[in-house]
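Scroll down for the structure; my scribbles are underneath it.
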Amino acid sequence: MFSNKTILVTGGAGFIGSAFCRYIVNNSKNKIIILDKMTYASNMLSIKNIIKNNNVVFVKGSIGNKILVETLLKKHNPNYVLNFAAETHVDNSIKNPETFIKTNIVDTHNFLNTLLEFYTKLNEADASCFKFLQISTDEVYGDIEFNAKPVDESAPYRPSSPYSASKAAGDLLVKAYFITFKFPGLISNCSNNYGPFQHNEKFIPKIINNILNKKKIPVYGDGSQLREWIYVDDHCEALTKLIEIGKPGENYNIGSGKEISNLELIKFILKILKDLSVINTVDEMKYVKFTNDRLGHDKRYSINSTKIKTACNWNISTSFECGLIKTVSSIINVKKNL
Ligand SMILES: NC(=O)c1ccc[n+]([C@@H]2O[C@H](COP(=O)([O-])OP(=O)(O)OC[C@H]3O[C@@H](n4cnc5c(N)ncnc54)[C@H](O)[C@@H]3O)[C@@H](O)[C@H]2O)c1
C-alpha cells in the first residue's frame, strides 16, 4: 500500500468508512482525518480503538459545512479524499427522500466545490498526486434482468429508488467536475457489503439479529431478489488500490461475483448458526415472514468487475462463508458486551 499520505475520510464512523479507517491504521502508517456528521447510522464503537492512534484525527461535522471543510483542508493538506458520507438506506429514501437529496446531492456538491477551490490552489507537485474518490454503489445501474450478463462500467445509470437516484446525481457531479474543471475525481461502484459494525437496519445484520432475538425476519415479496455480496474488507482493499492507481474521470465496479437470492441468503446464515450450535433447526419457514414487496424493488444487481481486477491487480480474498462467520461472530460479541 502507499505510504506517507494524509487521507481525509468522510463518513468514517459509518459501516464501510470505519472499516476503511481500521484497514489503513492496521496496515500502514498513513495519517487519517475522519470527518463524520454522526447521524443515527454512525457508530463510535467502530472507530473507538483507532482514534487513540496518533495518526488518526476525528472531527464531527458535515461535508456540506464549507468553513469547517476549508479549515480541515488548510490544516491537514490531504493527498487523498474518500467520500463515504451519505444517507444509505433505501427504505428510508422511500419514506423521506429529502434527507437523501440534501446529503447525497446538495452536501456532496458543496463538498466538491470546497475541494475544487483547495485543489486549484495546490502547488504543481501536490496537485499532481491529489485524488478524490467518490464511494458509490452498483444500485445506480438499476434493475438487471435475471438472464442478463453482469454490467460493466459502460452501462448507463438507470437508478430506481430515491437512494440510488441521489447517489447517481452525486456521481454525475463528480464526472462533470472532472470534465469541466479537470478536478481529479473518480468513482467506485460497489455491490452490497457485509461485515462487522453494519447498522441493524441492513439485511444481513437484521437476519442475524432477528434469529438471535427469536424474531421473524421480514422478507420482501417472495425473497427471490438477487444481490451480489462482498465482504467489507475486500471492498476497502480495492479502494486503497483505486485511490492510488485508478484514473480520474473513470468508474470502477467492485464486486465479488457472489450472487445469491435473499431467501437463499437466509438459509445460508441459518446453516452457519446451526454449525456454530447457536440454533437447532435450519427450517427457514420458521424464521421468515413474507411482506409486501418494497416499492420499485430492483430484482437483481450484478456487476462485471474485470476492470479493477486488471487495472489494480485486485481480487477478493474472503470467501462468502468465511466473511459471514466473521460477521456473525462480531454481532454475537457485541451482544455479549452490552
Ligand atoms: N453498505 C453497502 O452495502 C454499500 C454498497 C456500495 C456502496 N455503498 C456506499 O458506501 C458509502 C458508505 O456506506 P455505509 O454502508 O458505510 O453507510 P452508513 O450509513 O453506514 O454510514 C454513512 C456515514 O456517513 C455519515 N454522514 C451522513 N451524512 C453526512 C454528512 N453530511 N457529512 C459527514 N458525514 C455524514 C453518517 O454519520 C455515517 O457515519 C455510501 O456512500 C454508500 O452509498 C454502500
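Hydrogens, waters and symmetry mates play no part in the numbers below; they use all other heavy atoms, side chains included. Counting starts at 1 for both ligands and their atoms, following the listed order.
Atoms of ligand 1 found under 4.0 Å from any heavy atom of M38 (numbered from 1 in listed order, with element): 37 (O). Within ligand 1, the atoms closer than 4.0 Å to a non-hydrogen atom of I63 are 30 (C), 31 (N), 32 (N), 33 (C), numbered from 1 in the order shown. Numbered from 1 in the order shown, with element, the atoms of ligand 1 that lie under 4.0 Å from a heavy atom of K167 read 40 (C), 41 (O), 43 (O). The ligand atoms of ligand 1 that sit less than 4.0 angstrom from a heavy atom of C190 are 6 (C). In the vicinity of N192, heavy-atom distances shorter than 4.0 Å reach the ligand 1 atoms 3 (O). The distance from ligand 1 to the heavy atoms of S42 drops below 4.0 Å at these ligand atoms: 37 (O), 39 (O). Each of the atoms 31 (N) of ligand 1 lies under 4.0 Å from some heavy atom of D107. Heavy-atom proximity to A13, at under 4.0 Å, picks out these atoms of ligand 1: 39 (O).
Side-chain N/O atoms of E237 and Y231 include no donor and acceptor closer than 3.5 Å. S62 and N65 form no side-chain donor-acceptor contact under 3.5 Å, judged by distance and modelled atom types alone. Looking only at atom types and distance, the side chain of D36 has no donor-acceptor partner in the side chain of S42 under 3.5 Å away. No side-chain donor-acceptor contact under 3.5 Å links Y301 and D143. Between the side chains of H109 and Y177, at least one donor-acceptor pair of N or O atoms lies under 3.5 Å. A side-chain donor-acceptor contact under 3.5 Å links N189 and Y157. Of the N and O atoms on the side chains of Y23 and D233, not one donor lies less than 3.5 Å from an acceptor on the other residue. Between the side chains of D152 and S154, at least one donor N or O sits under 3.5 Å from an acceptor N or O. Between the side chains of N251 and K175, at least one donor N or O lies within less than 3.5 Å of an accepting N or O.
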* Stepwise, does the side chain to side chain contact (heavy atoms under 4.5 Å, CB included) test hold for K307 with N253? -> CA-CA 7 Å; K307 183 174 172 180; N253 289 346; over 6 Å; no
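Taking the six-membered ring for Trp and thresholds of 30 and 60 degrees, F132 and F183 have ring planes inclined between 30 and 60 degrees apart.
The protein heavy atom nearest to atom 3 (O) of ligand 1 is N193 N, 2.8 Å. Nearest protein heavy-atom neighbour of atom 4 (C) of ligand 1: I16 CD1, 3.6 Å. The protein non-hydrogen atom at the shortest distance from atom 36 (C) of ligand 1 is T39 OG1, 3.3 Å. Protein heavy atom nearest atom 21 (O) of ligand 1, with residue, atom name and distance: G14 CA, 3.4 Å. Nearest protein heavy-atom neighbour of atom 7 (C) of ligand 1: S136 O, 3.0 Å. Among protein heavy atoms, atom 42 (C) of ligand 1 sits closest to Y163 OH, 3.5 Å. Scanning all protein heavy atoms for the shortest distance to atom 31 (N) of ligand 1 gives S62 OG, 3.1 Å.
Between atom 40 (C) of ligand 1 and the options F15, F203, F84, F20, the minimum heavy-atom separation is to F84. The option from A85, S166, A41 that lies nearest to atom 35 (C) of ligand 1, judged by heavy atoms, is A85. Around atom 33 (C) of ligand 1, the closest heavy atom drawn from K37, K60, K202 belongs to K37. With distances taken over non-hydrogen atoms, the option nearest atom 26 (N) of ligand 1 out of G12, A86, G64, S18 is A86.
Distances between N or O atoms of H235 and those of ligand 1 include no value under 3.5 Å. The N/O atoms of T88, backbone and side chain alike, include one that comes under 3.5 Å of an N/O atom in ligand 1. Some N or O of I135 is nearer than 3.5 Å to an N or O of ligand 1, by distance alone. Checked by distance only, ligand 1 and N83 stay at 3.5 Å or farther apart across all their nitrogen or oxygen atoms.
Legend: residues meeting side-chain contact (heavy atoms from CB on, under 4.5 Å) with N213, ordered by chain and number and at least two apart, are N209, K215, K335.
Not one N or O on the side chain of N83 forms a donor-acceptor pair closer than 3.5 Å with the backbone of V81.
With N192 as the fixed residue, the side-chain contact (heavy atoms from CB on, under 4.5 Å) test singles out one of K202, E228, K258, R227: R227.
Contacts between D36 and ligand 1, counted as non-hydrogen atom pairs separated by less than 4.0 Å, involve both the backbone and the side chain. Residue contacts with ligand 1, taken as heavy atom pairs separated by less than 4.0 Å, involve T103 solely via side-chain atoms from C-beta onward. With a heavy-atom cut-off of 4.0 Å, E87 does not touch ligand 1 at all.
Look at H199 and you'll find every heavy atom at least 4.0 Å from all atoms of ligand 1. Close to ligand 1: G61, with a non-hydrogen atom less than 4.0 angstrom away. Within the 4.0 Å heavy-atom cutoff, S191 counts among the residues contacting ligand 1. Not a single heavy atom of S188 sits under 4.0 Å from any atom of ligand 1.
Listed by first and then second residue, the ring-ring contact (aromatic ring centres under 6.0 Å, His included) pairs involving residues 1-20 are F2-Y80, F20-F84 (not counting sequence neighbours).
A salt bridge between E264 and K267 is present, with a side-chain N of the basic residue lying under 4.0 Å from a carboxylate O of the acidic one. Salt bridge E70/K66: present, at least one basic N to carboxylate O contact under 4.0 Å.
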